[in-house]
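First up is the structure itself, then whatever we jot down about it.
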Protein chains: 2
Amino acid sequence: MASNVPEQSPARAPLRRQEVTERIKSLILQNRLAPGDPLPTESELCETLGASRSSVREAVKVLSALDIVEVRHGHGTYVGRLSLAALVEGLTFRAMLSRHDDFATLAELVEVRQVLERGLAAPIIGAFDDGQHRSLAALVAEMEELAERGETFVEQDRAFHLLLMGPLHNRLITQLTGAFWDVHAIVVPMLEASVADARETAAAHRAIVEAAARKDVPGFADAIAAHYAPVLKHLNAKMGTVDPSWPPA
Amino acid sequence: MASNVPEQSPARAPLRRQEVTERIKSLILQNRLAPGDPLPTESELCETLGASRSSVREAVKVLSALDIVEVRHGHGTYVGRLSLAALVEGLTFRAMLSRHDDFATLAELVEVRQVLERGLAAPIIGAFDDGQHRSLAALVAEMEELAERGETFVEQDRAFHLLLMGPLHNRLITQLTGAFWDVHAIVVPMLEASVADARETAAAHRAIVEAAARKDVPGFADAIAAHYAPVLKHLNAKMGTVDPSWPPA
DNA sequence: CAAAATTTGTCCGTATGTATC
DNA sequence: AGATACATACGGACAAATTTT
């Protein structure tokens, strides 16, 4: 059960690409660069680091996948936004791969989202103010309007949950919320697991806002649970379901 | 090689590497491969996908960074373990980059860990049984023994928190716990932010186990809070601290 | 508008290191 | 130890995208 830290059996020659990767990271750290700051060009990195262009490029691509670096074709290489894009891509792939047997991965994801929001009930309500109330109420109104017309409201839904977390001033929580939501939004349509009734979902969001406005912590937690309950029920009901017609060519 | 179809305006030709990346992912999905299953060799992928080695290699490196693919030098390419290694690397880098100004990133990380464990108090206690009690108590005993000798116990600490989450049967929660813990363990030593007193930490873990054994949900949540409180206090106290002597050459 | 300069993207050929039989 | 299969690394050439002149 060793954690994923150095493994040094027979001191093996470190791979060239790995060396370059680490040195680029050090370059950013030691120069205290910020997202958007320019990095040396490929050829400059080749000279500085004494590596071929192939090695440098592969290293840059790895860092690009982690959003530590951002590459713009014909323009240059820059420090990345350090987002959780890699988490989204990894979890999305995992969910799609496990989908054939069951929907366990997706259900686990929903559980985590629920734990985060329920566990943060007290601080969320503590920081709940009028401005936030108005913004959330407006989003819910949009949801209800769209639901009545038989339309969906993915954008409003995402904004709602992010806005709920915003006042906590914890960027990691906000980004995790967004990341988990993104995975869900990407995977669910591919499962053809039609979402719950839109009106029901809109009503659940309204209940969350109202509980928060009442400063009712247990009520808020219950409203969160009620919001996720139909999703979890639906996923658990589809366990074992297989759609052999997907993915298409 | 002139394009007989002049691509006009917004529809930009997708990059070769991106195409290859997607097709390798599709290859895994459509063939329902599992972690450890072998993938075609580089040259085979070049033929199948009609791309050069460079493009294939860069694509494979990206997938390797996400642990969707695993490359063993001189052996072959295989489906990866789909771990959260990319999350660990990304968060670690972010924490080290933000360290110059403050310890906000690390503090946010600790908050998330706390929310997860506190929010899961009820299900954890619901699934708490004798075997788990013995395992956790044994770990705590080791901690106390090591603390008395003035030693640390990172391995026992990591195992403790993973064991706490184990019975929930939610792999995502378990992996997130491990990932967050890893980031913390990697970053903290680099900050020279000396950890709290080992005996105090061991005692906090014992309090958690005892509350769980009593089936005392609020007591468990309080014990979790008491466990993280000194860490958060310490991080907040160091806000703005800068150690110009790091990193070394 | 057009050409040039800069930078990343792609391809090829070759040589080397590594693991397995 | 040798042979084979595979990934790693290098260098050069040209294509594509972007900005500047």
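Chain letters run A, B, ... following the sequence lines, proteins first, then strands; residues in each count from 1.
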*asked:* Using Watson-Crick or G-U wobble geometry with both distances under 3.5 Å, which nucleotide pairs with C:dC1?
replied: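 Partner of C:dC1: none found under 3.5 Å.
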_Check this for me: A:Glu155, atom CD, are more than 12 non-hydrogen atoms of other residues, nucleotides or ligands nearer than 6.0 Å?_
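No, because the 6.0 Å sphere around CD of A:Glu155 holds 12 heavy atoms or fewer from other groups.
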_For A:Thr105 and B:Arg171: C-alpha separation, side-chain torsions, deciding distance, then whether side chain to side chain contact (heavy atoms under 4.5 Å, CB included) applies._
CA-CA 8 Å; A:Thr105 298; B:Arg171 290 164 297 177; 4.0 Å; yes
_I'd like to compare against my own output: the B/S/- annotation of nucleotides 7-17 of chain C with a strict under-4.0 Å heavy-atom distance to protein._
BBBBBB----B
*For A:Gln175, what residues pass the side chain to side chain donor-acceptor pair (under 3.5 Å) criterion, not counting sequence neighbours?*
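Checked A:Gln175 against side chain to side chain donor-acceptor pair (under 3.5 Å); matches are B:Arg94.
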*All ring pair (Phe, Tyr, Trp, His ring centres under 6.0 Å) counterparts of A:Phe160, not counting sequence neighbours*: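 Checked A:Phe160 against ring pair (Phe, Tyr, Trp, His ring centres under 6.0 Å); matches are A:His205.
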*Reference residue A:Val79; test side-chain contact (heavy atoms from CB on, under 4.5 Å); the match among A:Ile28, A:Asn31, A:Leu63*: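 Passing option: A:Ile28.
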